[in-house]
Q: 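Before we start, here is the structure in question, set down as structure tokens.
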There are 2 protein chains.
Amino acid sequence: MQSYTEENYLKTIYHLAEKTINVQTNAIAEQMQTKPASVTDMIKKLADKGLVDYIKYQGVTLTETGKNTAIDIVRKHRLWEVFLVDKLNFKWDEVHDVAEELEHIKSIELIERLDEFLGFPKADPHGDPIPDKNGRFAKTQFIKLIELTIGDQGTITGVTQHSSAFLKHLEKLGLTLGKKIQISDVTDFDGSVEILLSDKQVNISREVAKHILISSNGKN
Amino acid sequence: MQSYTEENYLKTIYHLAEKTINVQTNAIAEQMQTKPASVTDMIKKLADKGLVDYIKYQGVTLTETGKNTAIDIVRKHRLWEVFLVDKLNFKWDEVHDVAEELEHIKSIELIERLDEFLGFPKADPHGDPIPDKNGRFAKTQFIKLIELTIGDQGTITGVTQHSSAFLKHLEKLGLTLGKKIQISDVTDFDGSVEILLSDKQVNISREVAKHILISSNGKN
DNA sequence: AAAAATTTTTAGATTTACCTAAAAATAAAA
DNA sequence: TTTTATTTTTAGGTAAATCTAAAAATTTTT
Ligand SMILES: [Mn+2]
Ligand SMILES: [Mn+2]
Ligand SMILES: [Mn+2]
Ligand SMILES: [Mn+2]
């Protein structure tokens, strides 16, 4: 059984490992809003418990057990987010902090029944895939909006930034999950992107475009 | 902001105060499954925070703030229990431990919306009243089944024991909330009680009868 | 390959929530 | 009203998760 803190470390390492193979101490510290010295302490503990492989100065990787534990927490986090949005009418920018707490409730029965109650959803309100009870989920192979060129079409299927400010901004522009879009222009000067929606046209900065995921329907 | 542990202490003190005016250190220790010395430590801390009034060797009482905090936790506990039973199909004997964790999730918005989602329930699955968002609730004035005499009628409206063993036992006997009953006999020898249900007759021990609450329809 | 910069670890403290054992206060019994 | 029993508190300590400051290892730059 892991502590609330250990679970948060495992989840953080899991997410960082999606980008880099070996996860660095400093990266964990930054993500967890703590100090590198604290991270080293915790890494040793997790290594002792067999949840991570650790070589001094070389960063960490999750063991099979550690990875499974992390995925289970991600599953809980995302299922709770679906609950908050679908059942309690939270907005997609309001759910993260509460889910951060709910993900630590320790009851297998609870999460199985919640999953069923929600109709076994495949994705959370931000488009992130929800692992099934065996930890399996399809690796979503979405394209970043920034990578599209003029004429490309697609559907908004995810975001890679969960801050309330960013999500509220998208909401205001009408760029929510499931919306069909087409790139109508890309400005050379600042890289901003002009997007055609069904009913209107919006302009987003390059920075925003980086964090929107699209399931592409290919050219034209 | 209180810690998980502080909240549990406040809740325990609140419940003990329903029975005795001044709550004793040992009583808290027993309830919290900890040692009296630890309780003394925590009491001092709670007193420093203005959550309890404390005179050495004289036990504690909750301050207004402390009481409000405790009631808020009770509210959360009971609302989550309703959620688990009504929405996730848990049995009434399976919800306590999970609610024990869920009650500590810190989000006013969450609990308001949950309350609404559940239809503003007035009682939890064990018949205990649910405080409203202002901490107000009707003091339920139910009679213990043990206090009834032959011929008395009433409806089962609560239990004063939440152990799974006890609740499962009641379930098996068909003694669930809302059931109408009539006392058909009380055995002198062991104090066991014979109860008439709509469709059958059951016999319960004095010990069981002590923990069932009845809203009485008066004699006959 | 040295020097400089960065990353990571150790050493030593702090805080929270516990504990045991012993002392002190209070309550009950003789 | 002593003596005895019970309750409660203090004293001193442990383990988990932090921290700061300084040392060590690694990486990058000259
Ligand atoms: Mn989230
Ligand atoms: Mn999410
Ligand atoms: Mn309960
Ligand atoms: Mn209850």
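Labels below follow one simple rule: chain letters A, B, ... track the order of the sequence lines, proteins then strands, and each chain is numbered from 1. Worth saying up front: this structure is predicted, and the values here are computed from it rather than measured.
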Q: Side chains of Gln161(B) and His211(B): donor-acceptor distance under 3.5 Å anywhere?
A: no
Q: Which word best sums up how the rings of Phe83(B) and Phe117(A) line up, parallel for under 30°, tilted for 30 to 60°, or perpendicular for over 60°?
A: perpendicular
Q: Closer to the 5' end of DNA chain D via nearest nucleotide, is it Met32(A) or Gly59(B)?
A: Gly59(B)
Q: Does a side-chain N or O from Tyr57(B) land closer than 4.0 Å to OP1 or OP2 of dA23(C), or not?
A: no
Q: Send over the distance from Met42(A) CE to dT10(C) C1', rounded to a whole Å.
A: 17 Å
Q: Contact class for Ser38(B) (heavy atom, under 4.0 Å): base, sugar-phosphate, or nothing?
A: base
Q: Rounded to whole angstroms, how far apart are CD1 on Ile55(B) and C1' on dT26(C)?
A: 14 Å
Q: When the distance from CG of Asn26(A) to P of dT26(D) is rounded to whole Å, what number comes out?
A: 15 Å
Q: From the set dT9(D), dT20(D), dT18(D), return the single nucleotide nearest to any side-chain atom of Tyr9(A).
A: dT18(D)
Q: Which one, dT26(C), dT10(D), dT9(D), comes nearest to the side chain of Gln58(B)?
A: dT26(C)
Q: Look at the side-chain N and O atoms of Lys35(B) and state whether any lies under 4.0 Å from the OP1 or OP2 oxygen of dC18(C).
A: no
Q: For Asp72(B), is there an ion pair with Lys76(B) - N to carboxylate O distance below 4.0 angstrom?
A: yes
Q: Is the phosphate of dT8(C) approached by Tyr54(A) (side-chain N or O, under 4.0 Å from OP1 or OP2)?
A: no
Q: Counting only side-chain heavy atoms from C-beta out, which of dT9(C), dC19(D), dT18(D) sits nearest to Thr40(A)?
A: dT9(C)
Q: Whole angstroms only, please: what is the CG-P distance between Asp41(B) and dC19(C)?
A: 10 Å
Q: Looking across every strand, which nucleic acid part, if any, lies under 4.0 Å from Thr25(B) by heavy atom: base, sugar-phosphate, or nothing?
A: sugar-phosphate
Q: Give the rounded distance in Å between these two atoms: NZ of Lys56(B) and P of dA23(C).
A: 17 Å
Q: What is the distance, rounded to the nearest whole Å, between atom CD of Glu6(B) and atom C1' of dT15(C)?
A: 12 Å
Q: Could you tell me whether Glu112(A) and Lys133(A) have a side-chain N and a carboxylate O separated by less than 4.0 Å?
A: yes
Q: Rounded to whole angstrom units, what separation is found between the CD atom of Glu30(A) and the P atom of dT8(C)?
A: 12 Å
Q: For Glu18(A), is there an ion pair with Lys139(A) - N to carboxylate O distance below 4.0 angstrom?
A: no
Q: Among dT18(D), dT26(D), dC19(C), find the nucleotide with the atom closest to the side chain of Thr34(B).
A: dC19(C)
Q: Can you check the Gln24(A) CD to dA5(C) P distance for me, whole Å?
A: 19 Å
Q: Does Tyr4(B) reach a base, just sugar-phosphate, or nothing at all? Heavy atoms under 4.0 Å.
A: nothing
